[in-house]
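Being a predicted model, the structure only gives us computed values, none of them experimental. In listed order, ligands and their atoms are each counted from 1.
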Amino acid sequence: MTPGDPVAELAGRMKSGPRITVLTGAGVSAASGVPTFRGPLGLWRNYAPEQLATPEAFRRDPKLVWEWYNWRRELIAKCVPNVAHTVLAAWSRRYPDFTLITQNVDGLHEKAGTINVVRFHGSIWEVLCWRRCPSSPERWWDESVPLPNIPPSCPYCHGLLRPGVVWFGESIGSSVLDRSYEAVKCDLFLTVGTSAVVHPAASLVAEASSLGAFTVEINPEATPSSGAVDLAIQGRAEVVLPSVESLLKNQEFEIRDSRS
Ligand code: BV8
C-alpha cells in the first residue's frame with residue numbers, strides 16, 4: 001500500500017467490516033454497454049432524458065416515450081453485468097451491514113447477484129397501469145423484448161401501461177426513501193458512477209456525511225459532489241472497484257460472512 005494511494009485508503013477503511021452504503025449511477029453500467037444519460041450517447045433521436053422521462057411527455061405522446069423505453073429495453077436485454085457489478089455483489093454478501101442504492105433502472109446489479117438493492121428510480125423491467133385500474137396489481141414484472149405493442153396495453157383494463165420508473169417531477173416512493181435514509185446512517189458511503197445532478201438521490205452523500213459517514217466518490221470526472229466527499233477517486237468503476245477488491249483479498253482478513 002503506497003501512502004496517499006486513494007484505492008489503498010478505501011481498502012484500508014473497508015477491512016474492519018464497517019456499515020457500508022453504496023449509491024450507483026449510470027457510470028457503473030457503462031462498461032456493460034448501457035449508455036449513460038448525460039454522456040455522448042445519452043441522446044435518443046436528439047431527445048434528452050429530461051424531455052422524455054416525464055408524465056407530461058407520456059401524456060402528450062405515449063407512443064414516443066414507449067419507443068424510447070422499448071429501445072432501451074432491447075439494448076439492456078443484451079447487456080451483462082461488468083466487474084463493477086460483480087465486485088459490489090460480492091461485497092453485498094460479505095459485509096453484514098451493506099446497502100446498495102441504485103439510480104439505475106437496468107437491473108444489472110440484481111443480475112450480478114447483489115442483495116439488498118434499493119431501486120431508487122424503479123425498474124425498466126416493471127410496468128403498471130397508467131390509470132392504476134382497480135383490477136391491476138400495483139406493478140408487475142414484464143421482460144418482453146421487443147414489446148408486443150407500442151404503446152403496450154394494460155391486460156386488466158386495456159388502457160395504457162406505463163414503465164415502472166420514477167419520472168422527473170414524480171416523487172420517490174416513500175418506502176424507498178425510508179430505506180435510503182436508514183442506509184445513510186453508515187460508516188462508509190460510496191458514490192459510484194453518478195453525475196450527482198439528479199435529486200434527491202444526489203443529496204444522499206451530504207446526508208451520509210452529516211451523520212458521520214466517511215464519503216468516497218469513484219468517477220473518472222469531477223461532479224458537484226467531488227468537493228464535498230472525504231476521498232475522491234478519479235477512475236472508472238470497472239477499474240477501481242476490482243483494485244480495491246484485490247487489496248482486500250490480499251489482506252487476508254475475514255468478515256463474518258453471514259449471508260453465504
Ligand atoms: C423529486 C428514471 C419531488 C427514469 C430518472 C433539487 C435540486 C434540483 C432539482 C431538483 C431538486 N429536487 C427535485 C428536482 C427535480 C428533479 C431533478 O433532480 N432534476 C435535475 C435534472 C436538475 N428531480 C426529480 O424530479 C425527482 N423527483 O424530486 O420528487 C419533486 C416533485 C415535483 C417537483 C419537484 C420535486 C425524480 C428524479 C428521477 C428521474 N428519473 N431515471 C429513466 O431512467 O427512464 S433520473 C436519471 O438520471 C437516471 O435514473 C439516472 O440514473 C439518473 C442520474 O444520472 P446518472 O446515473 O448520474 O447518469 P449520468 O449519465 O448523468 O452520469 C453518469 C456518470 O458516470 C458521469 O458522472 C460519468 O462521469 C460517470 N461515468 C462514466 N463512465 C464511468 C463513470 N463512472 C464510473 N465508471 C465509469 N466507467
Side-chain angles (χ1 to χ4, degrees), residues 7 22-44 47-58 62 64-73 75-76 79 81-85 87-88 100-109 117-128 139 162-174 176-177 180-181 190-207 216-226 229 232-244:
V7 170
V22 182
L23 171 69
T24 64
V28 165
S29 295
S32 297
V34 183
T36 59
F37 284 85
R38 293 163 189 89
L41 300 173
L43 298 182
W44 174 81
Y47 289 102
E50 288 81 1
Q51 292 173 282
L52 295 170
T54 72
E56 295 74 23
F58 189 78
L64 176 72
V65 173
W66 266 116
E67 283 171 348
W68 178 46
Y69 280 96
N70 184 59
W71 174 78
R72 289 170 67 193
R73 287 163 58 106
L75 185 150
I76 292 167
C79 298
N82 65 72
V83 65
H85 294 110
V87 166
L88 291 169
L100 187 131
I101 302 169
T102 188
Q103 299 172 88
N104 302 338
V105 298
D106 57 32
L108 291 180
H109 284 301
V117 176
V118 179
R119 288 199 281 261
F120 206 73
H121 293 152
S123 172
I124 202 165
W125 299 116
E126 286 184 326
V127 295
L128 58 144
R139 58 181 52 223
R162 63 159 285 173
V165 299
V166 179
W167 281 329
F168 290 101
E170 292 185 322
S171 299
I172 307 298
S174 52
V176 165
L177 284 175
S180 303
Y181 288 122
L190 312 185
T191 172
V192 188
T194 179
S195 59
V197 296
V198 174
H199 288 264
S203 63
L204 295 174
V205 192
E207 190 68 29
V216 182
E217 178 181 61
I218 298 171
N219 195 314
E221 293 168 8
T223 76
S225 291
S226 305
V229 294
I233 302 178
Q234 191 173 3
R236 299 198 312 275
E238 67 276 15
V239 173
V240 173
L241 293 176
S243 304
V244 175

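- Heavy-atom contacts of A26 reach the following atoms of ligand 1: 55 (P), 56 (O), 58 (O) (cutoff under 4.0 Å).
- For the atom pair S32 OG and E238 CD, the distance stands at 8.5 Å (nearest 0.5 Å).
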**OP:** Check step by step if side chain to side chain contact (heavy atoms under 4.5 Å, CB included) holds for I76 and W125.
**Re:** CA-CA 10 Å; I76 292 167; W125 299 116; 3.8 Å; yes
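- In the vicinity of E238, heavy-atom distances shorter than 4.0 Å reach the ligand 1 atoms 78 (N), 79 (C), 80 (N).
- Between W68 and Y47, the gap from one ring centroid to the other reaches at least 6.0 Å.
- Closest to atom 21 (C) of ligand 1 among all protein heavy atoms lies F168 CE2, 3.7 Å.
- Among protein heavy atoms, atom 69 (O) of ligand 1 sits closest to N219 OD1, 2.8 Å.
- An N or O contact shorter than 3.5 Å links T194 to ligand 1 by distance.
- Of the N and O atoms on the side chains of H109 and S29, not one donor lies less than 3.5 Å from an acceptor on the other residue.
- Atom CZ of R73 and atom CH2 of W66 lie 5.5 Å apart (nearest 0.5 Å).
- Of all atoms in ligand 1, listed by their number and element, those nearer than 4.0 Å to a heavy atom of A237 are 77 (C), 78 (N), 79 (C).
- Of the protein's non-hydrogen atoms, V166 O, 3.4 Å is the one closest to atom 39 (C) of ligand 1.
- Residue G39 places no N or O, backbone or side chain, under 3.5 Å from any N or O of ligand 1.
- Those atoms of ligand 1 with a heavy atom of G25 less than 4.0 angstrom away are 56 (O).
- Scanning the protein for heavy atoms near atom 34 (C) of ligand 1, the closest one is G169 CA, 5.0 Å.
- Between W167 and F58, the two ring planes are tilted [angle within 30° to 60°].
- Protein heavy atom at the shortest distance from atom 7 (C) of ligand 1 is H199 CD2, 3.6 Å.
- Those atoms of ligand 1 with a heavy atom of R72 less than 4.0 angstrom away are 42 (C), 43 (O), 44 (O).
- The distance from ligand 1 to the heavy atoms of V197 drops below 4.0 Å at these ligand atoms: 18 (O), 20 (C), 22 (C).
- In the vicinity of E170, heavy-atom distances shorter than 4.0 Å reach the ligand 1 atoms 1 (C), 26 (C), 27 (N), 29 (O), 36 (C).
- When each atom of ligand 1 is checked for a heavy atom of P200 under 4.0 Å away, the hits are 28 (O).
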